[in-house]
Amino acid sequence: MAGVWIIAEQRDGDFRKITFEAASAAKKVADELGGEVTALVLGAGLADKCAALGKYGVAKVLYVDNPALAEYAAEAYANVCAELIKKGGPDVVLMGASMQGKDLGGRLAAKLGTGIAVDCTALAVEGGKLKATRPMYAGKVYADLFIKGSPQMASLRPNVFDVKEVGGQAAVETVSADPGSVRTAVVDKVVAGAGKVDLTEADVIVSGGRGMKEAVNFHIIEELASKLGAAVGASRSAVDAGWRPHTDQVGQTGKVVTPNLYIACGISGAIQHLAGMGSSKVIVAINKDPDAPIHTKADFCVVGDLFEVVPELTKELEK
Ligand SMILES: Cc1cc2nc3c(=O)[nH]c(=O)nc-3n(C[C@H](O)[C@H](O)[C@H](O)COP(=O)(O)OP(=O)(O)OC[C@H]3O[C@@H](n4cnc5c(N)ncnc54)[C@H](O)[C@@H]3O)c2cc1C
């Protein structure tokens with residue numbers, strides 16, 4: 001059962017958007033390699049949901065139904081995926097460069113004795129091999145990688161690969177695999193910002209930096225974000241000052257985001273911040289300093305006082 005496999009990602013029984021992105025990217029690679037896409041789904045009580053992955057180009061789902069896999073657990077997931085991948089022998093294995101994928105990818109590659117290209121922003125097939133493109137040195141250069149070993153593994157940066165609906169239902173096969181002896185257990189789940197749009201999955205992000213001056217001023221960012229259905233982000237300075245939680249931090253030591261629209265308010269555009277948002281599709285910078293580095297990266301530059309510009313923008317959107 002060669003071809004291209006993806007490791008689906010689910011939370012609370014629903015597939016994450018990165019699963020559809022990985023499936024669409026896998027379909028393209030599989031078409032070029034001349035194979036089919038298989039999705040590995042690990043969870044509990046998801047049997048009815050698996051066939052729908054066919055919409056995104058998945059021909060077959062291998063579903064492992066086990067209460068021990070309902071929540072992501074590094075050891076159990078790595079054991080199960082490794083067993084099935086060894087059995088199935090896919091040419092390529094793709095997953096998200098999400099929190100889960102970052103944790104699982106290296107562990108799984110080590111178990112399989114192969115290589116993995118992480119946080120990829122483009123995939124191609126060259127000479128019958130997967131070519132993965134990924135940013136390096138905080139996004140200053142992009143490297144093209146070929147992966148030694150088999151399967152060739154890559155994790156995909158969320159929100160970069162287009163979701164393509166190709167229709168159809170996937171064939172679902174329920175399989176069993178041994179999670180092994182797992183030394184960790186999820187005892188509680190505390191969801192940060194419950195109900196809020198996850199930064200890494202958001203289509204629109206409005207971020208604030210040191211230019212916000214103090215925590216209380218973030219209400220103008222929240223108001224603009226709510227008008228746009230956007231998530232709120234922050235620079236490290238704003239987080240270090242205690243104005244926003246670390247979960248909101250965008251950048252090299254925060255989250256890497258690729259929304260369709262990123263609005264940076266009072267953020268200078270340090271290289272470590274750009275590393276986290278530089279691949280956003282459209283960037284708007286609101287900064288009173290015309291020489292701020294963020295303007296060199298932005299598609300639209302507003303040179304002005306954010307305390308005037310942001311509320312004005314919100315007012316216009318209300319109209
Ligand atoms: C190892 C390492 C990792 C790091 N990781 C990260 C990271 O993950 N994310 C991150 O963001 N940073 C990170 N940093 C920090 C980074 O180098 C910068 O210090 C930080 O991004 C600066 O935040 P800022 O742009 O909000 O603040 P500043 O650089 O102080 O910029 C504030 C900006 O606001 C503008 N401004 C002020 N008042 C107004 C106003 N009224 N209206 C409009 N504009 C105004 C100013 O002109 C200025 O450009 C890291 C640094 C290191 C060394």
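Nothing fancy with the numbering, it's 1 onward along the sequence. We count ligands from 1, going down the list as the structure has it; atoms in each ligand are counted the same way. Remember, it's a predicted structure, so these values are computed and weren't measured experimentally. Both backbone and side-chain heavy atoms feed into the values below; hydrogens, waters and symmetry mates do not.
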Show me the donor-acceptor pairs within less than 3.5 Å that the side chains of residues 207-214 make with the rest of the protein, sequence neighbours left out.
residue: S207; atom: OG; partner: Y262; partner atom: OH; Å: 2.8
residue: R210; atom: NH2; partner: S237; partner atom: OG; Å: 3.3

query: Counting only N and O atoms by type, is there a donor-acceptor contact under 3.5 Å from the side chain of T19 to the main-chain atoms of A8?
result: no
Judged by atom type as modelled, is there a donor-acceptor pair below 3.5 Å linking the side chain of Q249 to the main-chain atoms of G233? no
_Between D119 and R157, does any side-chain N to carboxylate O distance fall below 4.0 Å?_
yes
**OP:** Using modelled atom types only, decide if a donor and an acceptor are shared between the side chain of D299 and the backbone of I283 within a distance under 3.5 Å.
**Re:** yes
ask   = Between S24 (side chain) and F20 (backbone), is there a donor-acceptor pair under 3.5 Å?
value = yes
At a 4.0 angstrom heavy-atom cut-off, ligand 1 is contacted by G209, R210, G211, K213, S235, R236, S237, Q249, V250, G251, Q252, T253, G254, G266, I267, S268, A270, Q272, H273, N287, K288, D289, G304, D305, L306, F307
